[in-house]
Structures are given as structure tokens and as C-alpha cells.
Amino acid sequence: RVYAGTYNEANAITVPVTLIGNGTDTIIDGYKKDHVFGFNLVAGDTNVSNFYFYRWWPTHHYAGVGVYSDGNRITDNTFYYNGRGIFLGGCTDNVIFNNTFDKGYYDILVYEGAHETKISFNTFSRVYFYSVFMRDSDNVEVFSNTFFNNSRGMVALVRCDDATISYNMINGSLVPSGTKVGIKLYESTNGQIHNNTFIDINQTLWIVGTTDARIEYNTIIGGELGMLFARLWSGREQLGEWCNGTIVRNNNIVGQGTFGIDTTNGQVTAIDARNNWWGDSSGPYHPANNRIGGGSNASDNVNFSPWRTSHNDDAPPIAFIFDVTPALVNEGEVVTLEGRGLARNTTVEYLWSSSIDGELYSGPDPWFSTTELAPGTHSISFKVKDDFGKWSRAATAKVTVNGLPVAVIDSISPPVVNEGGEVNFMGKALDHEDDIVYVIWESDIDGVLSNQLAFSTTGLSNGTHEITLTVQDLSL
């Protein structure tokens, strides 16, 4: 645990460790630092969470967090006003999860070789250049992130094969101007772009020299250009790869200012863009192939027929449970539950329920804490509702609450006795799990009397005794 405060040191993490800060009160300050990292993860298998990284504007390959090892998790941090928030290189299987990035130049930057990186459930806003910029990295996953209020670029993958970009919300409606590039795939193969929502992005998808891409089930609303397919430049001439083998299916492409799909920048071979919704049942407009089309424009070299004659219905939201902590708890102790809905749908309501206690919480917050779970093993159900009024299926988790035992004194007989006379004690223990391990009868005069629920004694001292029965179970 790292206590609250402002830390100016550069820290090399040379052994696997878990580092936990106190949220925005634990500041890793990079002011006037260069050629160093706030945390340099060189050991691998390190967890970094709940820190506030601020003012990291180094040159070259440095950042608030540097990752040069495998199996690290960077979660629940805030990155504010950094030239580079996270820099990765020469590494595999790292997770960047549930962080907040604001006012960065590059939020996540890879120059080469960050394979199997998973970037999910993060929020990116007000970036100066690109939120996620990666080169020469395979099997990258960008899943269920929210990008908003950005006037420049959101995601750029250069020479990144087998990448998947899915279920993200990329919203440019709050920014009146700027280039607003959504996703750029450059000189890559086998990219999967599916189930994303794009709103008012000027250049939504920019696919250059990329082969065998599949672009499916996305919703693209407004902006100047829906999808651009272009041949790769080599020097001053377009001599490189065309975007061959590309499949564009079941997308909603609605309301673009110039083209829904544009291949006029050197793409000679046709793009297979059948079975998409173009914003009108008459299909996309093309001056030769569909003059009556009332939907977004399609350029030459786009095979758009047949098209969908109605909107591809928005998929229902999907609920994810992030954490239920702790999963084993004593009655009356705090349990915290945290979940999310997929970013591609705007979540407006969260619903938590228990198989024992019924509804636990319904409201606008993705997490809550409670001390009121009844004893027993709870099946916790979590659902989310989007702004179209659709509910997700339930995600589930388990919580076991150990019930507190109850001691009951049935009788003490007789209540008045001469010194040396026999007194009979009868008690019982009530416990949800029936796992009582300790019993103690005590007198405020004589101390411990017995460890049995029922017993008799003739040894009580003269006086008025206050008798206490205490029981204990196998608490967690």
C-alpha cells in the first residue's frame, strides 16, 4: 500500500509486487522529468492500481508507467495531462483495465512489440494526438472503452496483425471541430472491427494497406466520412497493398457528409460491402449504380448490393461483473459490488439482486457497498439498461455470508439458592451454518463456569451473580 502524498521519484519495479495507491490522493508527479518512468515494470506479474499520474512529458520512450515485461495489470488509475501515460515495448500479455485518461498527448503508446495487450473498460477524453497508438504488435484487443470529447485520433494500429477492436463507444459529438479520426488500421492483416458505436466522427474508419479485415455490426452516425479504404503509400507513390479481402457486413452507416464508404484514394479492387443499412430503404446513393438511393454516398469500387432495407437493430447491452469483494464475509461486514455495461451502449441504470435478499440496488452508479446481506450463499445477479430502454441478460457471481451465532439462555434454576446448593444452567446456540466451536458460561463474581450448553454446579460464591453465555462459530 502506498500512502497518500505526492511522489517525485522514478521507481524501477524489479520484483513482482502489487502496488496500491489511495486514488487521486497518491500522486506520481512527473514534472520536469525525462528519460525516466514513474513506475518502470521490468519484473513482470506486477499490479498497479489507484494512482494518479500527472505531468509526465518526457521525450522518447518514457511515460508515467513503462512496461517492458509480461503479465502486468494496470487498473483503476487516473492519468491526467501526460505526454505519454503508458508506454509498452517488448512485452506480452499485459492488461490495461478501467483507467481514466484525460488531456494526454499519447495515452497509451507502443513503438513495437507489445503483443496480446488487452485494453478494456477505460475512458479516454481530450487527447492531443492519439488515445491508443500501437505499432508492430500482434493479437491486440481494444474492448469496451469509451472515447469522448476528443478532437484528434482515438485508435491507430500500425502493422498490428490479428487485432480486435470491439464494443467501444467513440463519441465526437461534444467536439465541434478537429480531425476526429476514429480507428486507423495501417498495413495490418486480419483485423476485426465489430459492434462499436461511432457518433459524429469526421473520419470514422481509416483502413490503409490493410488486408483481410472484417468490419461488422458497427453503428456509424454522422461525421464526414464513414469508412476510407486506401492503397498503401511507398515513398511518394501508392505502390503498396490494397485493402483486399475486406468484408463489410451488417453495419449501420447513416448521415455522413461526403461518403459512407470511400475507395477513391487508390483502392482499385472492390470492397465487399453487402447487407449494410445506409440510412434509407432505397440504399446508398451512387451516381451510376443507384441514382435513387437516399442513404449515405458510396464511391466507385464498392459492392453495396444487396443492402439492408431497415436499421440493423442495436444489440442489447451486456453486463459484466468486475468484482465482488470479499466473496466470503461475516454477517454485518461490508461487501462491495462493481460492474459495467459494454461501452458501445450508453448505460443509464444498474440493477443488483440477490437470490436471498431480492433487489439490492437500482440506480445510476456501477458499484455500491452493503452491510445488510443475510446469512447464506447468495447468487448475485447484475443487469444493465441502455438509453434505448433495453435490459441486458444477467451476469452472476457468488457471495457467502457467514451468519453470526446467537446465544440463548433457556433457564437458570433455581434463581435463588443457598450457598452450596445446586444450580442448573440450560442454554442453546443458534447458528445459520450450525458450526459452533466454542461455548462459555461466565459469572461476574466467579469467572468461567463451564464450556457446555447444559451443566449444573454447587460451587457458586455468595452474592448476586450476573451470568453471561457466549458462543462462537467457525467465523471467516
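Since the structure is predicted, the reported quantities are computational estimates derived from the model, not experimental observations.
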Taking side chain to side chain contact (heavy atoms under 4.5 Å, CB included) as the criterion, tell me which of Val155, Val142, Ile183, Thr164 meets it with Ile193. Ile183

Minimum-distance pair of heavy atoms, taken over all atoms of Lys180 and Gly172: NZ-O, 3.1 Å

Minimum side-chain heavy-atom gap Val48-Asn77 below 4.5 Å: yes

Determine the minimum heavy-atom distance between Leu41 and Ser69, stating which atoms define it. O-OG, 2.7 Å

The single option from Phe382, Tyr361, Tyr350 passing ring pair (Phe, Tyr, Trp, His ring centres under 6.0 Å) against Phe368: Tyr361

How about Asn250 and Asn275: does a side-chain donor come under 3.5 Å of a side-chain acceptor? no

Please check: side-chain N/O of Arg159 versus main-chain N/O of Asp136, any donor-acceptor pairing under 3.5 Å? no

Taking the side chain as everything from C-beta on, heavy atoms only, tell me whether Asn196 gets closer than 4.5 Å to Ile165. yes

Quick one: do the Thr197 and Thr219 side chains pair a donor with an acceptor below 3.5 Å? no

Between Asn99 and Ile74 (side chain of the first, backbone of the second, donor and acceptor by atom type, cut-off under 3.5 Å), is there such a pair? yes

Applying side chain to side chain contact (heavy atoms under 4.5 Å, CB included) between Met227 and each of Asn276, Asn251, Thr204, report the one that passes. Asn251

Where Pro58 and His35 come nearest, the two heavy atoms and their spacing: CB-N, 4.4 Å

Verify the distance criterion only: is there a donor paired with an acceptor across the side chains of Ser369 and Thr336 at less than 3.5 Å? yes

With Val127 as partner, the option from Asn150, Asp102, Asn149, Val132 fulfilling side chain to side chain contact (heavy atoms under 4.5 Å, CB included) is Asn150

Will you find, in the side chains of Asn312 and Asn252, an N or O donor that is under 3.5 Å from an N or O acceptor? no

Flag, side chain of Asn139 to backbone of Thr117, donor-acceptor distance under 3.5 Å: no

Using every non-hydrogen atom in the two residues, find where Leu19 and Phe51 come nearest and quote the distance to one decimal. O-CE1, 3.4 Å

Distance-only side-chain donor-acceptor flag, His115 / Thr92, under 3.5 Å: no

Side-chain contact test, heavy atoms from C-beta onward, threshold under 4.5 Å: evaluate it for Thr26 versus Tyr7 and give yes or no. yes

Where does the angle between the aromatic ring planes of Tyr106 and Phe133 fall among parallel (under 30°), tilted (30 to 60°) and perpendicular (over 60°)? perpendicular

In terms of ring plane angle, is the pair Phe121 and Phe143 parallel, tilted or perpendicular, where the classes change at 30° and 60°? perpendicular

Apply side chain to side chain contact (heavy atoms under 4.5 Å, CB included) to Leu185 and Trp206, showing your working. CA-CA 6 Å; Leu185 281 185; Trp206 193 336; over 6 Å; no

Could you go through Trp391 and Glu349, starting from their C-alpha distance and side-chain angles, then the distance that decides it, and tell me whether this counts as side chain to side chain contact (heavy atoms under 4.5 Å, CB included)? CA-CA 9 Å; Trp391 281 98; Glu349 187 174 350; 3.8 Å; yes

For side chain to side chain contact (heavy atoms under 4.5 Å, CB included), just list the numbers for Asp473 and Asn402, CA-CA rounded to whole Å, side-chain angles, deciding distance to a tenth of an Å, and then say yes or no. CA-CA 9 Å; Asp473 69 358; Asn402 177 58; 3.3 Å; yes

Does a side chain donor of either Arg340 or Asn98 reach within less than 3.5 Å of an acceptor in the other side chain? yes

Scan side-chain atoms only and decide if Thr346 and Asp386 contain a donor-acceptor pair under the 3.5 Å cut-off. no

Quick one: does Thr464's side chain get under 4.5 Å of Ile445's, heavy atoms only? no

Min side-chain heavy-atom separation Val175-Phe148 under 4.5 Å: no

Hydrogens and angles aside, do Thr470 and Glu442 bring a side-chain donor and acceptor to less than 3.5 Å of each other? no

Looking at Ser188 and Asp161, would you say the former's side chain and the latter's main chain have a donor-acceptor pair under 3.5 Å? no

With a 3.5 Å distance limit and no angle check, can you tell me whether Lys33 reaches the backbone of Asn8 through a side-chain donor-acceptor pair? yes

Hey, can you tell me if Tyr167 and His194 have their rings parallel, tilted or perpendicular (30° and 60° cut-offs)? perpendicular

Check the side chains of Ser166 and Asn195 for a donor-acceptor pair under 3.5 angstrom, ignoring hydrogens and angles. no

Charged N to carboxylate O below 4.0 Å: is that the case for Arg249 and Glu216? no

Between Phe37 and Tyr68, how do the two ring planes meet: parallel, tilted or perpendicular, split at 30° and 60°? perpendicular

Below 30° counts as parallel, above 60° as perpendicular, anything between as tilted: where do the rings of Phe79 and Phe53 land? parallel

Take Leu469 and Val439 through the side chain to side chain contact (heavy atoms under 4.5 Å, CB included) test and state the conclusion after the steps. CA-CA 7 Å; Leu469 172 61; Val439 174; 3.8 Å; yes

Spacing of Asn218 atom CG and Leu205 atom CG [to the nearest 0.5 Å]: 6.5 Å

Just so I know, are the side chains of Leu337 and Ile380 near enough to count as touching, which here means a heavy-atom distance under 4.5 Å? yes

Electrostatic pair Lys118-Asp93, nearest N-O below 4.0 angstrom: yes

Can you tell me which residue among Ser456, Ser411, Ser413 is in a side chain to side chain donor-acceptor pair (under 3.5 Å) with Asn424? Ser456

Would you say the side-chain atoms of Ser443 pair up with the backbone N or O of Ile467, donor to acceptor, closer than 3.5 Å? no

Can you confirm whether the side chains of Asp29 and Thr6 place a donor and an acceptor under 3.5 Å from each other? no

Are Asn11 and Val36 close enough that some pair of their side-chain heavy atoms sits under 4.5 Å apart? no

Where Pro326 and Val334 come nearest, the two heavy atoms and their spacing: CD-O, 3.4 Å

Close side-chain approach of Pro405 and Ile436, heavy atoms under 4.5 Å: yes

Give the minimum heavy-atom separation between Gly376 and His432, together with the two atoms involved. CA-CE1, 3.5 Å

Side chain to side chain donor-acceptor pair (under 3.5 Å), paired with Asn47, selected from Asn72, Thr18, Thr75: Thr18

Among Tyr81, Tyr31, Tyr62, which residue satisfies the ring pair (Phe, Tyr, Trp, His ring centres under 6.0 Å) criterion with Trp57? Tyr81

I'd like to know if the side chain of Asn82 and the backbone of Trp56 have a donor-acceptor N/O pair within less than 3.5 Å. yes

